[in-house]
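Reading through the structure tokens given below for one structure.
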Amino acid sequence: MCLVFSSPLAADDRAPTDAVETVIRAQLEAFSEDNDEAAFSYASPAIQRGFASAREFANMVRSRYPAVYEAATVRFREQVPHPGFVVQRVQLLGPNGLYWDAYYRMEREGEEWRIGGVVLEEVAGGI
């Protein structure tokens, strides 16, 4: 599967958001390639502790978050900083032609960002 990515920010405005977007993109690409180990590696340690294996994690995402697992189009939107984490809104086109807002909780682990959770909300009437 080939994912289509877009971001609304100009190149010179993107520096603070690049690291967060890179992690989300990498996990979405790993899901599209059925690479459970790689997808699991972008989850926060707290998420990883909740699963016995990368396969178990990927199976959960596949069944409960099909718009994430099989995203066809990905559009990065605003990023909202909070004390200790950042929320990145991403608009996804899921496998059934429905649009979703995915709110990624991004957590800093040393020098790297990890995905600490995702909340999906269907976009009424598309984007």
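Numbering of residues begins at 1 and proceeds along the displayed sequence. Note that these values count all heavy atoms, side chains included, but never hydrogens, waters or copies made by symmetry.
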### Query
According to a 4.5 Å side-chain heavy-atom criterion applied to Ile, Leu, Val, Met, Phe, Trp and Tyr, with indirect links allowed, do Phe51 and Phe31 form part of one hydrophobic cluster?
yes
### Query
Should Val68 and Val119 be counted in the same cluster of Ile, Leu, Val, Met, Phe, Trp and Tyr side chains packed under 4.5 Å apart?
no
#### Entry: Ile47 versus Gly116, closest heavy-atom pair with distance
CD1-O, 3.5 Å
### Task
Output the distance between atom CD (Glu70) and atom CG (Asn96), rounded to the nearest 0.5 Å.
8.0 Å
### Query
Do Val87 and Met106 pass the side chain to side chain contact (heavy atoms under 4.5 Å, CB included) test, and can you show the C-alpha distance, the side-chain angles, and the key distance before you say yes or no?
CA-CA 6 Å; Val87 173; Met106 301 299 295; over 6 Å; no
### Query
Going by heavy atoms in the side chains, are Val74 and Val90 under 4.5 Å from each other?
yes
### Message
Please give me the minimum heavy-atom distance between Ala54 and Asp36, naming the atom from each residue.
### Response
CB-O, 3.6 Å
### Query
Got a second to check how far Glu29's CD is from Asn35's CG, nearest 0.5 Å?
11.0 Å
### Task
Quick one: pull up CZ in Phe40 and CD1 in Ile115 and give me the separation to the nearest 0.5 Å.
12.0 Å
### Message
Using side-chain heavy atoms (C-beta onward) and a distance below 4.5 Å, is Glu21 in contact with Val23?
### Response
no
### Task
Run the salt-bridge test on Glu78 and Arg89 with the 4.0 Å N-O cut-off and return the result as yes or no.
yes
## Note on the structure
Ala67 and Leu120 have their tightest heavy-atom pair at CB-CD1, 4.3 Å
## Note on the structure
Rounding to 0.5 Å, atoms CH2 (Trp113) and OG (Ser44) come to a distance of 12.5 Å
### Query
For the atom pair CZ (Arg114) and CD (Gln27), what is the distance rounded to the nearest 0.5 Å?
10.0 Å
### For Gln48 against Ala43, the heavy-atom pair lying closest together
NE2-O, 3.1 Å
### Task
Rounded to the nearest 0.5 Å, what's the gap from CD on Gln88 to CD1 on Ile24? Could you check?
5.0 Å
### Summary
Shortest non-hydrogen pair, Val123 vs Trp100, comes out as CG2-C, 3.8 Å
#### Entry: Side-chain donor-acceptor contact under 3.5 Å, Tyr69 with Asp34
yes
